[in-house]
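Keep in mind that this is a model prediction, so the values were computed, not measured. Atoms considered below: every heavy atom in the structure, side chains included; atoms not considered: hydrogens, waters and symmetry mates.
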Amino acid sequence: MGNKFMKYAVFNNKGGVGKSTLAVHIAHGLALEGYKVLLLDMDGQNDASLFLGFTSEDYKKTLYDVISSRQRVELQECIIHARDNLDLLPSTQVDLINLEFFREARIDLILKEKLKPLEELGYHFVIIDCGPQRTKVNDAVLCYADGLIVPVQMQAASVRAVGNIYEYLSDMRLDAGMIKLVVPNMFDQRINDSKENMELLEEFIANDDLLAPPIFRRTKIAEAGKLGKTVYEHDSESARQFESIVKKVISHVQRE
């Protein structure tokens, strides 16, 4: 992959579709493949941090301190070493970051400027866990990212809502080609509804390269998160599902 520096946002307008779980596992999966990865937790619930076993007591400084104009904090001071090859940049007070971004004249440049040191620190990938909805923070993330990875829960409303993401990109004057991967999530092959929604998604996307293999609903995945572990550390069968998605991400990058 050479010196490529790729930034992927795990994003969906809808909540509860498994964004944080997917972001954590793509980040850890890439790290296990030998890439240097930063996971940027931009979701106000801080699930990505919790799923790696970190609570707000484990960090004193966050991205908010870098973005807030009140103090001089270096980005490096806010980065936590989470696993081999995997670092975490937490960002509590996402609502306050949102307020700061309302004052910014160039929302398209703010993260590029504030996160500039990341490229110099030798990361291959930045994986960003986003909160749902349209916010100034997400506007900034979409402008900063090279591509989007979209988890879609296998329910009709969730599948239909994929169109909203294309609309959001269009409103931001961003290219729909930014969507690099759509991941069917929480798929239960025993339920007809789940299978029908999978077919609906396949029709809507109609591009094998864009559609990832589904992630099946497994209690082991949720269990790992509660323990502050990834499935790579907890359940090898669940880990295999994420490995196929990580391989897709790597093959996308190698082609670009």
Side-chain angles (χ1 to χ4, degrees), residues 7-27 29 42-45 47-48 51 127-135 137-139 141-142 145-222 224-225 231 237-252:
K7 311 171 297 280
Y8 285 105
V10 180
F11 178 77
N12 192 321
N13 291 119
K14 274 182 75 62
V17 296
K19 287 186 295 292
S20 300
T21 302
L22 188 61
V24 165
H25 285 95
I26 288 174
M42 292 293 272
D43 184 357
Q45 291 180 311
D47 280 345
F51 292 166
I127 304 295
I128 308 162
D129 181 28
C130 304
Q133 282 106 31
R134 295 189 181 198
T135 58
V137 165
N138 281 340
D139 290 354
V141 168
L142 293 188
D146 297 307
L148 301 190
I149 297 168
V150 179
V152 182
Q153 197 176 350
M154 287 298 92
Q155 292 178 346
S158 189
V159 174
R160 282 197 297 270
V162 175
N164 298 341
I165 301 166
Y166 284 94
E167 231 168 79
Y168 189 3
L169 288 171
S170 164
D171 291 347
M172 293 289 296
R173 294 187 168 78
L174 293 167
D175 189 348
M178 271 188 75
I179 297 179
K180 302 294 183 192
L181 211 53
V182 176
V183 182
N185 204 10
M186 306 179 203
F187 179 59
D188 192 335
Q189 61 200 27
R190 298 162 303 179
I191 299 172
N192 275 340
D193 188 47
S194 208
K195 285 196 278 196
E196 282 165 20
N197 290 322
M198 185 69 197
E199 284 164 20
L200 194 67
L201 186 64
E202 284 167 347
E203 270 173 46
F204 184 74
I205 299 299
N207 176 345
D208 289 345
D209 199 36
L210 199 55
L211 198 61
I215 293 174
F216 294 91
R217 192 184 281 282
R218 286 186 201 274
T219 50
K220 290 278 187 196
I221 298 173
V231 291
E237 203 178 326
S238 300
R240 275 197 290 277
Q241 301 192 87
F242 290 101
E243 279 164 12
S244 58
I245 290 163
V246 168
K247 285 193 171 68
K248 260 199 176 277
V249 172
I250 293 167
S251 72
H252 270 293

Begin from the C-alpha positions of Ile215 and Leu22 and carry the test side chain to side chain contact (heavy atoms under 4.5 Å, CB included) through to its verdict. CA-CA 10 Å; Ile215 293 174; Leu22 188 61; 3.8 Å; yes
Would you sort out whether Met186 and Met154 count as a side chain to side chain contact (heavy atoms under 4.5 Å, CB included), showing the intermediate values? CA-CA 6 Å; Met186 306 179 203; Met154 287 298 92; 6.0 Å; no
Show, in sequence, the C-alpha distance, side-chain angles and deciding distance for Asn12 and Lys19, and conclude whether the side chain to side chain contact (heavy atoms under 4.5 Å, CB included) test is met. CA-CA 8 Å; Asn12 192 321; Lys19 287 186 295 292; 4.3 Å; yes
Val10 vs Ile127, side chain to side chain contact (heavy atoms under 4.5 Å, CB included): CA-CA, chis, key distance, verdict: CA-CA 7 Å; Val10 180; Ile127 304 295; 4.0 Å; yes
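Taken to the nearest 0.5 Å, the NZ atom of Lys248 stands 7.5 Å off from the CG atom of Leu211. Atoms CZ and CG, on Arg160 and Asn197 in that order, are 8.5 Å from each other to the nearest 0.5 Å. With values rounded to the nearest 0.5 angstrom, Ser238 atom OG is found 4.5 Å from Ile221 atom CD1. Once rounded to the nearest 0.5 Å, the distance linking CD of Gln133 with CG of Asn164 reads 11.5 Å. The distance from the CG atom of Leu201 to the CG atom of Asn185 is 11.5 Å, given to the nearest 0.5 Å. In this structure, Asp209 CG and Lys180 NZ are separated by 10.0 Å, a value rounded to the nearest 0.5 Å.
Of all heavy-atom pairs spanning Ile245 and Pro213, the tightest one is CD1-O, 4.2 Å. The two residues Gln241 and Pro214 come nearest to each other via the heavy atoms OE1-O, 3.7 Å. Pro132 and Asn138 get closest at one heavy-atom pair: O-ND2, 3.6 Å. Of all non-hydrogen atoms in Leu169 and Ala176, the two that sit nearest each other are CD1-CA, 4.1 Å. Between Gly131 and Asp43 the shortest heavy-atom distance is CA-OD1, 3.6 Å. Heavy atoms only, all atoms of each residue included: Val141 and Cys130 are closest at CG1-SG, 3.7 Å.
Using a 30° and 60° split on the angle between ring planes, His25 and Phe242 fall in the parallel class, below 30°.
Considering only heavy atoms from C-beta on, Phe204 comes within 4.5 Å of Val162 through its side chain. Put simply, the side chain of Tyr8 reaches to within 4.5 Å of the side chain of His252, judged on heavy atoms.
Annotation: salt bridge (Lys or Arg N to Asp or Glu O under 4.0 Å) contacts of Arg134 (sequence neighbours excluded): Asp171. Taking the side chain to side chain donor-acceptor pair (under 3.5 Å) definition, one finds that Asp139 meets it with Tyr168, sequence neighbours left out.
A donor-acceptor distance shorter than 3.5 angstrom exists from the side chain of Asp146 to the backbone of Lys7, with no hydrogens or angles considered.
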